[in-house]
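Chain identifiers are assigned alphabetically (A, B, ...) following the order of the sequence lines, protein sequences preceding nucleic acid strands; residue numbering begins at 1 within each chain.
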Protein chains: 2
Amino acid sequence: MLTAEREQRILQLLRDSDVLTVGALSEALEVSEATIRRDLQGMHERGLLERIHGGAAFKPDAMPEPLFADKQEQFTEAKQKIAAAALAMIRDYDTIFLDGGSTILKLAQLLESRRHLTVVTNSLMAAAQLMESGHHLILCGGEFRALSRTLVGPLSKPILESIAVDKAFMGTIGFTLSDGMSTTDANEAFTKEQVMRRAKQVILLADHSKFGTRSLVRCQLDRPLDVLITDAIDDKLRQALVDLGTEVVVSDGSC
Amino acid sequence: MLTAEREQRILQLLRDSDVLTVGALSEALEVSEATIRRDLQGMHERGLLERIHGGAAFKPDAMPEPLFADKQEQFTEAKQKIAAAALAMIRDYDTIFLDGGSTILKLAQLLESRRHLTVVTNSLMAAAQLMESGHHLILCGGEFRALSRTLVGPLSKPILESIAVDKAFMGTIGFTLSDGMSTTDANEAFTKEQVMRRAKQVILLADHSKFGTRSLVRCQLDRPLDVLITDAIDDKLRQALVDLGTEVVVSDGSC
DNA sequence: CCTTTATTGATTGATTTTGATTGAATATAG
DNA sequence: CTATATTCAATCAAAATCAATCAATAAAGG
């Protein structure tokens, strides 16, 4: 029996009985409990059902359109790998910040596999993604910037100042050795700076297309970046960053 | 038997008999009393029932808060009319606050017909609606509350204090003459209070089903409500509100 | 045909849930 | 108000369930 077929039948059975045990499903579909668990895990990560200890429960609103959705995407595969490498740095009960940007959004999608996180973010897309995740979710306020779907500007300052995050996962428009991170909007840069100043560890997620390009406004950071996660980087830039004290992670397929 | 299944049956039994002892539940579900106690504690924390010494009681006057994902909304027509009446109070270039709730969301949908508004909100649904509207959009920060999809709690205070809105359009779970507005969550009530304190004019949008019902936490307001917009109201309540200085608007089809 | 990849079921140690026991807290009766 | 009887929350060991791992099998591709 194919995976897709099993999933269809599981959903059908769930609609009938609301709650099902792993054992009952294993018997009904004539596969082992291990397989059922794998199916349930996968379906849970896609939001198709509630996973409970001992079985699964029906989720009334199976997959509504994600709020604040945005379509165009580039380098999705590279971004996926970068996000996976970033996920490896997150432990249960961590307090993290998620910046805007599509790479960070991919990371947000992976956070279902962690528990009891406190997630602070200025990205409405990330927030929408984590809405039903069960994690403690805090949004910094501020002016809404439609282009990036983030909250930016001076209004975000008071909240960000009253919060201390362990790890801040940042995105960027451009990155050069001389100027560091840069972005297109002054308010956006301001908010990024607020976040990074208060974070124990600043982790930049940037695919190779960002290197060497520079945007309008620099994001000043009073110390070197803690970690850079990317998909590919030339040795010269890499060595320069390492010399500054930045850990450089190149995510290959192994993650 | 799974946790979710037990919880469903407990709620079912409670609807039938209002009050149940731990022993009776233990016998009915064939689990130990310790397990029942743990279940009751968890359900009490989520506001699903009232915990009393020796057992559990059905929550008589705690209206189940409508879940946002719920497709089948109640009184949509009435809410539409109320929103239309509220829209009539908004001029171009106004600075307004939008609360959470489905009625306010309908109002947000109508705001396309205005220009150059500054909209402050704690509702992610309203923000999603206004994303592409061209209005200046500001979100107050705070903890995300999944049930209402709003940002609530003490973290929202600094932003709300630094902003002065002309008109605050508020929703509520319950409304009574003696207690005023009430809602199910203390943090939510706190944020509502912050907003109303700073607003020049407080405008409550509530359909008739809200009157006479009361939820857990009161939202204190240090002055009478400025305007109440509803679809139907009995003369006694109306006169009492008018005597307090509240303008009562009943939206018929004419809007 | 052989190699590579993906899927399955079994096994393992780790985690979660459960029921029993305890002393503390609460309610009831006198 | 005190004494007694319940009920409660905390703790612990046993049972159930889980995620991770591994070998066997099936499928895909060269």
Side-chain angles (χ1 to χ4, degrees), chain A residues 1-11 13-14 17-59 77 80-81 84-85 87-94 109-117 133-135 252-255, chain B residues 1-11 13-14 17-58:
Chain A
M1 185 182 304
L2 276 63
T3 311
E5 189 186 346
R6 280 202 310 273
E7 294 193 346
Q8 285 302 314
R9 290 195 53 193
I10 289 174
L11 282 178
L13 288 166
L14 262 186
S17 32
D18 266 9
V19 184
L20 285 170
T21 64
V22 173
L25 282 167
S26 157
E27 219 168 289
L29 306 192
E30 295 173 325
V31 291
S32 75
E33 300 199 346
T35 302
I36 293 293
R37 287 203 183 90
R38 274 184 287 251
D39 287 346
L40 294 183
Q41 182 181 11
M43 294 169 79
H44 172 61
E45 275 163 14
R46 279 175 291 152
L48 266 50
L49 47 75
E50 283 305 329
R51 186 73 167 90
I52 55 179
H53 195 90
F58 181 68
K59 200 172 180 182
E77 208 169 320
Q80 191 75 47
K81 281 179 189 166
L87 179 70
M89 307 186 65
I90 301 176
R91 305 272 166 271
D92 290 353
Y93 295 97
D94 272 358
Q109 285 164 5
L110 300 175
L111 291 184
E112 298 274 356
S113 61
R114 296 289 181 278
R115 304 171 83 181
H116 302 294
L117 299 178
S133 67
H135 296 308
D252 46 16
S254 70
C255 283
Chain B
M1 183 182 305
L2 300 169
T3 312
E5 191 183 348
R6 279 200 312 273
E7 294 191 346
Q8 285 185 2
R9 290 195 52 194
I10 289 173
L11 282 178
L13 289 167
L14 262 185
S17 25
D18 262 13
V19 182
L20 286 169
T21 65
V22 173
L25 282 167
S26 157
E27 215 169 294
L29 305 190
E30 295 172 325
V31 291
S32 75
E33 300 198 345
T35 302
I36 293 292
R37 288 204 181 89
R38 276 185 284 249
D39 287 345
L40 294 183
Q41 182 181 6
M43 294 170 78
H44 173 60
E45 276 164 11
R46 279 177 289 154
L48 266 49
L49 47 75
E50 213 47 72
R51 187 77 168 86
I52 55 176
H53 196 86
F58 186 70

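Distance CD1/Ile36(A) to CD/Glu27(A): 11.0 Å, rounded to 0.5 Å. Here the CD-CG distance, from Glu7(A) to Leu29(A), works out to 11.0 Å after rounding to the nearest 0.5 Å. If you take CD1 on Ile90(A) and CG on Leu117(A), they are separated by 6.5 Å, rounding to the nearest 0.5 Å.
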- Task: Apply side-chain contact (heavy atoms from CB on, under 4.5 Å) to the pair Leu25(A) and Arg6(A), showing each step before the final yes or no.
- Result: CA-CA 10 Å; Leu25(A) 282 167; Arg6(A) 280 202 310 273; over 6 Å; no
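For Glu5(A) and dT8(C), the CD to P distance is 12 Å, given to the nearest whole Å. In this structure, His53(B) places its NE2 atom 9 Å from P of dT26(C), rounding to the nearest Å. When the P atom of dT8(C) is taken as reference, atom CG of Leu40(A) falls 13 Å away, rounded to whole Å. Atom CZ in Arg6(B) sits about 9 Å away from atom C1' in dT17(C), given to the nearest Å. Remark: P of dT18(C) and CG of Leu29(B) are 11 Å apart, rounded to the nearest angstrom. In this entry the distance linking CD of Glu33(A) with P of dT11(C) reads 13 Å, nearest Å. Distance, Asp39(B) CG to dT16(C) P: 17 Å, rounded to whole Å. Rounding to whole angstrom units, CG of residue Asp92(A) and C1' of dT16(C) are separated by 14 Å.
For DNA chain D, the contact window with chain B, defined by any atom under 4.0 Å from a protein heavy atom, covers dT7(D) to dT11(D) in 5' to 3' order.
Residue Thr35(B) places none of its side-chain N or O atoms closer than 4.0 Å to OP1 or OP2 of dT18(C). The side chain of Ser32(B) contributes no N or O atom lying less than 4.0 Å from OP1 or OP2 of dT18(C).
Within 4.0 Å of Ile52(A), counting heavy atoms only, lie sugar-phosphate atoms of the nucleic acid but no base atom. Residue contacts shown for Gly55(A) are limited to sugar-phosphate atoms, with no base heavy atom under 4.0 Å away.
Leu13(A) and Ala28(A) get closest at one heavy-atom pair: CD1-CB, 4.2 Å. Pairing each heavy atom of His44(B) with each of Glu50(B), the nearest pair is CE1-OE2, 3.8 Å.
The pair Glu5(A)-Arg9(A) does not meet the salt-bridge criterion, since no charged nitrogen lies less than 4.0 angstrom from a carboxylate oxygen.
Comparing Arg38(B) and Thr21(B) along DNA chain D, the residue whose closest nucleotide (by nearest heavy atom) sits nearer the 5' end is Thr21(B).
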